[in-house]
Chemist: 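Questions regarding the structure given below will be posed in turn.
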Amino acid sequence: MYNYTVFDKDFVATRAAQFRDQVQRRIEGTLTEDEFKPLRLMNGLYLLLHAYMLRVAIPYGTLNSQQMRALADIADKWDKGYAHFSTRQNVQFHWPKLRDVPDILEALAAVHMHAIQTSGACIRSVTADHFAGAAADELSDPRPTAELVRQWSTDHPEFAFLPRKFKIAVSGSPQDRAVTKFHDIGLRLVQDATGAPGYEVSVGGGLGRTPMVGKVLRGFLPRADLLPYLEAILQVYNLIGRRDNKYKARIKITLHEHGLEDIRQQVEASFSLQRARFDGTDQDILARIEADFMLPAYKTAPISAFERQLANDPSFRAFSETNLHPHKNPDYAIVTVSLKAHGATPGDASSAQMRVLAEIAARWSHDELRVSHEQNIILPHVHKGDLPEVYKALQAAGLATANIGLISDLIACPGMDYCDLATARSTIVAQSIALRFEALKQEHTIGPLKIKISGCINACGHHHAGHIGILGLEKAGVESYQITLGGDGSQNATIGKPTGKGFSSDEIVPAIERLIEAYLLLRHSASEAFLTTYRRLGPAPFKAALYSAKERKNEL
Amino acid sequence: MSFENPGFTLSAQVAELNKRFQSTDTVEMLRHVIADPRFGPLALVSSFGADSVVLLDMVAKIDSALPVLFIDTEMLFRQTLTYQQKLAVDLGLQDLRRILPSREAVLERDFENLLHRSDTDACCTLRKTEPLARALKGFRGWISGRKRYQGGARASMELFEIDAEQRIKINPLAHWSREELAGYITTHNLPRHPLVAKGYRSIGCAPCTIPSGTTNHERAGRWEGQGKTECGIHFSQAPAAPVIVTDQGFAKDDWAGGFRGVDALASLGTQDKSALAVDLAGDFNAKDLLRWVKRINLIRVDFPVFSDGRGFSLGRQLRMLGYAGRLRAKGHILADQYAMARRSGFDEVEIDAALAQRQPAPVWRARANWQVRDYQLCLRQRA
Amino acid sequence: MPQFSAPQILTANDLLSGEVVYHTKTGAWSCRHKDAAIFDQPNPAADCLKEIIQNDASVVSPYLVRALPMHFREAFRAAGPSNRFIGKQAGHT
């Protein structure tokens, strides 16, 4: 894991102190709310429906046990005993008081964490593959690059007041688990014909009101050119991105309006000037960061305990089938801990659960934890021989739900239960779907399926990227849920297509049930996943399951 | 030196006074000023607030007959009135004049005594500024108890100033610190305003004053939450000139050459060697300036609103294209953005007087160390 | 803000706690929806909002909203989140 330098420590401590002063000035009245708002947003502090919300950065989703314990302590001391892990690999506290926030930031700084740039029209906290440095299929660990980008983008003087927020994701595997194509900039670690390392740079992806799949701006960018090239993209965007309409302010619209070729020319022109401003120091720093991300010292031990438990314990077997992922080291496994116990709010963890996860990580996962954009917690390096004990500890804390990748492993934004922007609730829909299919005992029969739910058009629940997406809207004073089908956040990035008119909060779960019934009837075999069946047959049979003939006729 | 000498302007006289008394002991200076007939007639204006007793004590010991003007806005704390009466007796003030707002004006403009809730500025005008202006008629100079450490516009005030009516205004305590005032009060065993013990450090009218406690800003409790720090009696020249912010703090604009629009560059003769300053909007394409880059002395980039960050990139672009002259960011820029401006290649920031008043020099100086804690510097400079 | 079609109440979030608050008859703020003062006429409501925007720094983003029937968003604001019993409905303020 990355070790904070003296500089990093001083930086976050000073930022916490600066924010203390800004909060003081706001309370005294020398900063108006209009002026304070961007400053608090730059420090991750929102004002939502019921209270303030502090969004804490977990850069590229990586944290250690001490940090997880500190988060649990914050939840107990300054919040209501729980935290919410978000679809941006961040963690949110939903009930802090304004006067306490400087203390919270100080407590975070003490464990090398912060809430910087988790909000506002700036470069947001950088995300990466949550299996980084562990997955068997990985070419190269994306986290050193992500850390370099974190340092470069932190407090960047030119880019703190962009037209709109800006998100960067990094992936180092052929299997894109970081949803790079739906980011303002997506970086994929690649090699050129000679084997030299570099990046494929995609620009202009995004969900929200106008979902778009990112386009490749440079097929191969030499490794050392990364920062000047990013700087060039951001400078062009900062100068020409629209500021007259916030719905047209993201770089995806800039790209759409100017065209890929025009943007490419402008970026290359800026890049030619930017290049000289980097003297190679950044590459020295990257090398130092890489040293921090060396593989942990894996142990050599028998895995017989694991095999025995697999043979004897059906629930452990079910857990292993869904919640384990192949590790670089065949004696190890990546464990995904589900924060989606049936009926629970996706992404929420109690302070007690967070402490258990910290304890397990310290004992059995080389002190590492990850947060996934799918709102689960990852134990990236668990020796298979330790799995039975890990499983037991998870079970005791209510964290052993065996549903990763299944229908109840759905992601949902906080929705109108918390969010100021929401137009409908989303967690209640997630909870209801999970409980319904648990009752039907169909989950494992259905197999791999990603349902993603957003409580408004801004799409924090990534609904466009869900195999089944659900978008909560308000229609005539009541909640209405629109279904999209066929979305995909992987390397085959696809935007889901709306099926037709929305469903009320009473109708949405039965509608999903009809979709699933149709799929079970239509699939070739039990091994054909929902998305594959949908791609083979198109939307028609699914629309037929959702709507009556009359409704479908009216649609036309 | 003579005030009657028409060839010697008032401002030059004030500059001379400031120089002459800059390191004189306060009591000594007051003794001199009060004794010198050329300053007269002279009055002391006191609010009988948190620290007023210091100046009242000094003046009473020199000349207890000097007129003391006490502005009773009729909105003061009960404790202020009691305190005023006690001090008048204790210090033996012989000519204390209680200045009230005009009856007619109050009936006309604030008959419910609620004006302060809808418009504090109008209330201050009615109950403070206008009555004081009337009371000061006939005086040639006045003494005020303002201190620099109170911040805001006060941070830069001089010992001697000229007010809007061309009177000499004397601020004998300008350079006194809070601790020195407290020390004087203790040493001379003077009574304190009863509200000081309750956390009030600057005391005005009851509706618009709350305790400022131990916060950084002395006058934080005045017009709390309103972006207002002065009632109006202490504004000297309006409209105030913009302020130039540098790492050293606030200064006046030293550029006298005016600014041209970009369009005016085209008509500039090739032989014209005069100093040249240009105004740019945030959406300006820096490349269009390329042929003038070596010729321009000062570029001023407009920031129409603090959330529009285009200017930062424009500044950086100008530097990347080789502009080495003076670069100024002008407009709605917050102190919290000062480091961003400096790091993007700007030399200085120009803000209007209202913003300077709300975000006084110390708030900006707190960001003067913009070179430290800069990730950009770490990434570009070989150690 | 929609046209004035029904009695309105004035609501905001408290600056320090962030909590949902309602403007009461005495001009103070209450965290209970039932304490909210009801404006029957549009002008006093708008004047009151204007006055608060200008002079009341103790709250953030004040706005007027229809008193009845309550929009579902306002119902959540008045009660707390529906997925967890930890807001006003649980007596937490």
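Each chain gets a letter, A, B and so on, in the order its sequence line appears, and its residues count up from 1. Computed over heavy atoms, backbone and side chain alike; hydrogens, waters and symmetry mates excluded.
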Chemist: Ignoring hydrogens, what is the shortest heavy-atom contact between A:D279 and B:Q381? Give both atom names and the distance.
Modeler: OD2-CA, 3.8 Å

Chemist: Which one of B:Q359, B:K287, B:R342, B:Q337 has the most heavy-atom pairs closer than 4.5 Å to chain A?
Modeler: B:Q337

Chemist: Apply side-chain hydrogen bond (donor to acceptor under 3.5 Å, both in side chains) to B:D336 and A:Q22, showing your working.
Modeler: CA-CA 9 Å; B:D336 308 88; A:Q22 287 161 351; 2.7 Å; yes

Chemist: Would you indicate whether the side-chain heavy atoms of B:F306 and A:P38 approach each other to under 4.5 Å?
Modeler: yes

Chemist: Using the rule given for salt bridge (charged side-chain N to carboxylate O under 4.0 Å, His left out), can you reason through A:D282 versus B:R380, listing the C-alpha separation, both sets of side-chain angles and the distance that settles it, and then say yes or no?
Modeler: CA-CA 6 Å; A:D282 59 319; B:R380 293 163 200 268; over 6 Å; no

Chemist: Within the distance-only criterion (no hydrogens, no angle test), does the side chain of A:N238 pair as donor or acceptor with the backbone N or O of B:G309 below 3.5 angstrom?
Modeler: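 Checked: pair present.
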
Chemist: Heavy-atom pairs under 4.5 Å with chain A - which of B:N285, B:V372, B:D374 has more of them than the others?
Modeler: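 Heavy-atom pair counts peak at B:D374.
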
Chemist: Step through the shown structure and confirm whether more than 12 heavy atoms of other residues, nucleotides or ligands are within 6.0 Å of NZ on A:K165.
Modeler: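 More than 12 within 6.0 Å, yes.
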
Chemist: Counting only heavy atoms not in A:K167, do more than 12 sit closer than 6.0 Å to its NZ atom?
Modeler: yes

Chemist: Which bit of A:D34 is near chain B, if near means a heavy-atom gap under 4.5 Å: side chain, backbone, both or neither?
Modeler: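 Only the backbone of A:D34 comes within 4.5 Å of chain B.
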
Chemist: About how many Å separate CZ of B:R316 and OG of A:S270, when rounded to the nearest 0.5 Å?
Modeler: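 Nearest 0.5 Å value for the OG-CZ distance: 11.5 Å.
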
Chemist: For A:H156, is there any backbone N or O sitting under 3.5 Å from a side-chain donor or acceptor partner on B:Q376?
Modeler: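 No; judged by distance alone, with no hydrogens or angles, the pair does not exist.
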
Chemist: At what distance, to the nearest 0.5 angstrom, does CZ of B:R310 lie from CG of A:L162?
Modeler: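 One finds 12.5 Å between CZ of B:R310 and CG of A:L162.
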
Chemist: A:F11 ring centre to B:R373 NZ or CZ under 6.0 Å, with the angle to the axis within 45°?
Modeler: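 Negative - B:R373 is either too far from the ring of A:F11 or too far off its axis.
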
Chemist: Can you tell me how far the CG atom of A:L31 sits from the CG atom of B:L334, to the nearest 0.5 Å?
Modeler: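 Answer for the CG-CG pair, A:L31 versus B:L334, is 7.5 Å.
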
Chemist: Counting heavy atoms not belonging to A:H256, are there more than 12 under 6.0 Å from its NE2?
Modeler: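 No, not enclosed.
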
Chemist: Below 4.5 Å from any heavy atom of chain B, which atoms of A:E231 appear? Answer side chain, backbone, both or neither.
Modeler: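 For A:E231, the contact with chain B is made by the side chain alone.
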
Chemist: If I measure from the heavy atoms of chain B, does A:R277 come under 4.5 Å with its side chain, its backbone, both, or neither?
Modeler: both

Chemist: So which of A:L148, A:I285, A:L239, A:D8 has the largest heavy-atom pair count under 4.5 angstrom toward chain B?
Modeler: A:L239

Chemist: Please report the interatomic distance CZ(A:F278) to CG(B:L379), rounded to the nearest 0.5 Å.
Modeler: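 Reported value, rounded in 0.5 Å steps: 6.5 Å.
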
Chemist: At what distance, to the nearest 0.5 angstrom, does CG of A:L273 lie from CE of B:M320?
Modeler: 5.0 Å

Chemist: Centroid separation under 6.0 Å, is that true for the rings of A:F7 and B:Y375?
Modeler: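 Yes, the ring of B:Y375 comes within the 6.0 Å limit of the ring of A:F7, centre to centre.
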
Chemist: Using 0.5 Å steps for rounding, measure from the OG atom of B:S344 to the CZ atom of A:F159.
Modeler: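 These two atoms lie 8.5 Å from each other.
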
Chemist: At a heavy-atom separation under 4.5 Å, does A:I240 approach chain B through its side chain, its backbone, both, or neither?
Modeler: neither

Chemist: Between B:R319 and A:E158, is there a salt bridge with N-O shorter than 4.0 Å?
Modeler: no

